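Note that this is a predicted model, so its numbers are computed, not measured. Residue numbering restarts at 1 for every chain, and letters A, B, ... go by the order of the sequence lines.
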There are 2 protein chains.
Amino acid sequence: MEALPPSLLGLTTYLLSKTGKAARGRLAARLAADGLRMWHMAVLAALADFGPHAQRDLSARLGIDPSDVVKVLDELSAPGFVDRARDPADRRRVTATITAGGRRELTRLTREARAIQDELLAPLDVAERDQLHALLTRILV
Amino acid sequence: MEALPPSLLGLTTYLLSKTGKAARGRLAARLAADGLRMWHMAVLAALADFGPHAQRDLSARLGIDPSDVVKVLDELSAPGFVDRARDPADRRRVTATITAGGRRELTRLTREARAIQDELLAPLDVAERDQLHALLTRILV
DNA sequence: CCCAATAATAGGTCTTCACCCACTATTTCA
DNA sequence: TGAAATAGTGGGTGAAGACCTATTATTGGG
């Protein structure tokens with residue numbers, strides 16, 4: 001008397017929604033322990049992977065509202081994870097750069113994300129996890 | 001200059017979160033066209049698959065707060081998708097039953113969910129979709 | 001050189017969602 | 001039979017997300 005309705009479990013849409021929610025929920029919980037949220041990690045990742053960004057470029061790359069970028073950067077620069085400096089070439093722009101501390105934080109968060117992933121994907125063996133990863137990647141294209 | 005950070009795309013957790021959000025978003029949009037939300041569909045599915053439920057049992061099966069079950073059933077009985085009747089054996093209980101109209105609505109919603117699914121999973125062939133479905137099923141246990 | 005466009009920022013709104021509390025009716029059981 | 005537990009209901013709250021607007025500083029095009 002505890003099973004979920006097969007009508008729903010037969011929909012991949014539903015399974016995606018549900019596993020996605022589980023994944024996001026767990027990841028968000030770990031981030032919250034550091035006072036952070038998803039966007040903070042995304043911004044750190046973007047800065048680490050692609051180098052310094054004007055805030056507008058972060059907004060475009062990640063699809064966040066420009067005014068929310070401001071808030072995220074406020075919260076990332078407080079603990080010293082990013083530096084903000086006005087661009088001398090165009091003084092309207094503010095360039096955000098990840099610091100050594102920010103890189104360390106990102107590494108920590110990534111490690112924890114993988115731990116969460118291992119819990120969530122426990123029923124799958126390594127080959128299957130790779131398969132899943134590849135399929136999801138192709139969906140997002 | 002538009003790519004997402006590989007640091008994120010390398011995390012299955014992130015991919016799940018993102019595809020899940022896409023799936024939920026699209027499904028929610030279709031449901032909203034009928035003035036419904038996820039839980040409405042879940043409740044209809046539970047009633048169709050397992051027969052009439054006391055509200056408390058719906059709450060337990062689907063993991064919704066009992067007070068939210070009330071609201072969902074209010075909205076499902078307004079258009080006549082479910083009937084509510086007090087259980088004569090235990091007059092505290094209210095038994096919810098899906099109507100013929102409710103079954104028709106569920107069929108419609110399911111058909112639309114499959115259409116959404118086809119859009120979302122367009123990059124995958126049929127075998128791969130089955131694979132994805134099987135993997136996600138095993139994750140949810 | 002002036003005006004329109006651009007970048008950042010501060011501040012706010014509007015939903016959605018999960019959750020919680022108080023209250024009533026009814027049942028169970030000591 | 002009286003007290004405790006259970007079922008449903010109504011009316012909230014609080015957090016999180018996405019979005020929107022006005023303002024200021026700065027730039028570049030006509």
Side-chain angles (χ1 to χ4, degrees), chain A residues 1 17-18 20-43 47 52-78 82-97, chain B residues 1 17-18 20-33 35-43 52-78 82-97:
Chain A
M1 183 54 171
S17 165
K18 203 147 171 64
K21 189 174 180 178
R24 178 171 27 256
R26 294 182 193 216
L27 190 46
R30 297 286 178 114
L31 287 167
D34 289 32
L36 301 178
R37 269 158 300 131
M38 286 290 181
W39 286 132
H40 297 96
M41 185 170 179
V43 165
L47 295 178
H53 284 64
Q55 296 186 190
R56 171 163 230 288
D57 295 333
L58 276 176
S59 165
R61 180 185 298 282
L62 298 172
I64 328 179
D65 188 272
S67 72
D68 291 327
V69 173
V70 176
K71 294 157 194 161
V72 167
L73 287 179
D74 283 348
E75 288 150 2
L76 284 175
S77 59
V82 302
D83 278 338
R84 277 199 278 197
R86 206 155 276 277
D87 180 350
D90 183 342
R91 294 186 36 73
R92 289 171 302 182
R93 284 192 157 87
V94 171
T95 305
T97 309
Chain B
M1 183 56 172
S17 165
K18 202 145 172 63
K21 190 174 181 179
R24 177 171 29 255
R26 294 182 191 216
L27 191 45
R30 297 285 177 116
L31 287 166
L36 301 178
R37 272 157 299 133
M38 286 290 183
W39 287 131
H40 297 98
M41 184 170 181
V43 165
H53 284 64
Q55 296 186 190
R56 169 163 234 288
D57 295 333
L58 276 177
S59 164
R61 178 185 300 281
L62 298 173
I64 326 178
D65 188 273
S67 73
D68 291 328
V69 173
V70 176
K71 293 155 195 164
V72 168
L73 286 179
D74 283 347
E75 288 150 2
L76 284 175
S77 58
V82 301
D83 278 338
R84 278 199 278 197
R86 207 155 275 278
D87 181 349
D90 183 342
R91 295 186 34 73
R92 287 172 303 183
R93 283 191 157 88
V94 171
T95 304
T97 309

Touch class at under 4.0 angstrom, heavy-atom based, for V94(B) against every strand present: sugar-phosphate

With sequence neighbours excluded, residues passing side-chain contact (heavy atoms from CB on, under 4.5 Å) with R92(B): D90(B)

Sugar-phosphate only, base, or nothing, as touched by R84(A) at under 4.0 Å among non-hydrogen atoms: sugar-phosphate

Residue list, side-chain contact (heavy atoms from CB on, under 4.5 Å) with A54(B), at least two apart or on another chain: D57(B), R93(B)

All salt bridge (Lys or Arg N to Asp or Glu O under 4.0 Å) counterparts of K71(A), not counting sequence neighbours: D68(A)

Annotated protein contacts, base or backbone, on nucleotides 12-24 of chain D with a non-hydrogen cut-off under 4.0 Å, one of B, S, - each: B----SSBB----

With sequence neighbours excluded, residues passing side-chain contact (heavy atoms from CB on, under 4.5 Å) with R30(B): E112(B), I116(B), E119(B)

Separation of dT16(C) P from R24(B) CZ (nearest whole Å): 14 Å

Approximate separation, where rounding is to 0.5 Å, of M38(B) CE and L27(B) CG: 4.0 Å

Contacts of type side-chain hydrogen bond (donor to acceptor under 3.5 Å, both in side chains), residue D34(A), not counting sequence neighbours: R108(A)

Partner residues of R86(B) under the side-chain contact (heavy atoms from CB on, under 4.5 Å) criterion, sequence neighbours left out: R91(B), V94(B)

Contact state string [nucleotides 23-30 of chain C, B base, S sugar-phosphate only, - no protein heavy atom under 4.0 Å]: --BBS---

Any residue meeting side-chain hydrogen bond (donor to acceptor under 3.5 Å, both in side chains) with D83(A), in chain and number order, not counting sequence neighbours: none

